[in-house]
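This report concerns only the one structure given below.
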2 protein chains.
Amino acid sequence: MATDFTERTVEYDKLLADFKTLLKEKALKFTNQREKILETLYYSQEHLTPEALHQLIKEKYPELNAGIATIYRTLSMLEDNNIVSSLSFGAQGKKYELGAKDHHDHMICTKCGEITEFVDEVIETQQHKIADEHGFKMQDHSMQIYGICKTCQEQQ
Amino acid sequence: MATDFTERTVEYDKLLADFKTLLKEKALKFTNQREKILETLYYSQEHLTPEALHQLIKEKYPELNAGIATIYRTLSMLEDNNIVSSLSFGAQGKKYELGAKDHHDHMICTKCGEITEFVDEVIETQQHKIADEHGFKMQDHSMQIYGICKTCQEQQ
DNA sequence: TTAGATAATGAGAGTGTTTATCAAGCCTTA
DNA sequence: TAAGGCTTGATAAACACTCTCATTATCTAA
């Protein structure tokens, strides 16, 4: 446990340092709001909507008085710089997660909304192959599997 | 050509008949608006936004005076009954298409917004395999490849 | 350390999309 | 054909997100 926490802290410190470097490169400023947004995204295990992220930050740092516009602005900026990635979720808007991890896809439970991540090499390579066959210059991809998760199946 | 048209008409007639049956089963009514929406979706080769669908119907059937609310309501109903499926398109909203066709995935050009459909057996089977491995009861899935299409690459 | 330049912020107005409300109208079927 | 109840169009409202702008905070160079 102690080890996990330490590793986690070290990993976050690296993320933060990289973030600062990026800001400097682009002549952007390192603000309290940006720091707390990155931190909250990092320590949250979930995929967050801008609204949910806003709530979390208001609860933990009420004195920051962070506005929702700043959340949106920062998430956009983080996404443009490939630090976070977003997942479109039908009409319910977007959810964001730190994207510094390895690429992965999502399995979404249509009952409880839980999102499970997975990585599959066969699919990764196949996607590149398909894009190539169509003369398509692939930039990104996303795949979602919708269904009922194990827990929800058992509850019936 | 004549053959194509005939086949197409026959196929649409079947779709329409099935739709009527569904409505009857659910004690819903067969209205002019619902018919024109289904028809327009069927004869359109494109993935349509609710707004675009509304425009098409206003142009072709001005006397219907169809309201945008009806378009949304009908698309929802059709989607709930697996007659159409929608494709979330980031911040730009949703696009709808008839879902009675074979399953397929999408390749989306981030420059011009063009959507190309494709079917890939390797991916289809792999998806089932992944869901099984996670004890997930798969209901549906969607995959999008984002990138620059051939035409847009050539224009640069 | 300080001051000036300028990026970033919060509040709130604005925008575009989707949904809810409700009175009037249309479909079904008896 | 007439009644009942589902549908509709118009419009208000909810929602997600973006823009504007005056004020505040950050960075840097002296």
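Each chain gets a letter, A, B and so on, in the order the sequences are listed, and its residues count up from 1.
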Listed by chain and number, what are the side chain to side chain donor-acceptor pair (under 3.5 Å) partners of [X], not counting sequence neighbours?
X	answer
B:His54	none
A:Ser85	none
A:Glu46	none

Separation of [N] [atom2] from [X] [atom1] (nearest whole Å):
X	N	atom1	atom2	result
A:Leu23	D:dA25	CG	C1'	14 Å
B:His54	C:dT17	NE2	C1'	14 Å
A:Lys24	C:dA8	NZ	C1'	17 Å
B:Gln55	C:dG16	CD	P	14 Å

Residues 22-37 of chain A, side-chain donor-acceptor partners within the protein, below 3.5 Å, at least two apart:
unit_1: A:Lys26; atom_1: NZ; unit_2: A:Asn81; atom_2: OD1; d: 2.9
unit_1: A:Thr31; atom_1: OG1; unit_2: A:Arg34; atom_2: N; d: 3.2
unit_1: A:Arg34; atom_1: NH1; unit_2: A:Lys29; atom_2: O; d: 2.8

Neighbours of DNA chain D within residues 26-37 of chain A, by heavy-atom distance under 4.0 Å: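 Residues of residues 26-37 of chain A under 4.0 Å from DNA chain D: A:Lys29, A:Phe30.
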Residue-level proximity of residues 56-65 of chain A to DNA chain D when a heavy atom falls under 4.0 Å: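 Per residue number, the list is empty: none.
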Residues which pass salt bridge (Lys or Arg N to Asp or Glu O under 4.0 Å) with B:Asp18, listed by chain and number, not counting sequence neighbours: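 With neighbours one apart ignored, the set is B:Lys14.
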Set of residues satisfying side chain to side chain contact (heavy atoms under 4.5 Å, CB included) with respect to B:Glu124, sequence neighbours excluded: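 Listed in chain order: B:His103, B:Asp105, B:Glu121, B:Gln127, B:His141.
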Side chain to side chain contact (heavy atoms under 4.5 Å, CB included) partners of B:Glu79, counting only residues at least two apart: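 Per chain and number, B:Glu79 pairs via side chain to side chain contact (heavy atoms under 4.5 Å, CB included) with B:Val84, B:Ser86, B:Lys94, B:Tyr96.
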Residue pairs fulfilling ring pair (Phe, Tyr, Trp, His ring centres under 6.0 Å) with at least one residue in residues 106-137 of chain B, sequence neighbours excluded: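 The answer is B:His47-B:His106, B:His104-B:His106.
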Side chain of A:Ala69 (C-beta onward), nearest among C:dA20, C:dA11, C:dT18: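 Among the listed nucleotides, the one closest to the side chain of A:Ala69 is C:dA11.
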Global bending angle along the helix from C:dT1-D:dA30 to C:dA30-D:dT1, which compares the axes of five pairs at either end, to 10 degrees: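 Here the local axes at opposite ends form an angle of 30°.
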Min side-chain heavy-atom separation A:Gln126-A:Ile130 under 4.5 Å: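 Side-chain contact under 4.5 Å: yes.
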Step-by-step side-chain hydrogen bond (donor to acceptor under 3.5 Å, both in side chains) determination, A:Glu51 to A:Tyr72: CA-CA 9 Å; A:Glu51 183 54 36; A:Tyr72 277 103; 5.9 Å; no
side-chain hydrogen bond (donor to acceptor under 3.5 Å, both in side chains) between A:Gln153 and A:Thr151, worked out: CA-CA 5 Å; A:Gln153 283 177 57; A:Thr151 314; over 6 Å; no
Strand contacts (DNA chain C) in residues 70-81 of chain B, 4.0 angstrom heavy-atom criterion: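 DNA chain C contact set from residues 70-81 of chain B: B:Tyr72, B:Arg73.
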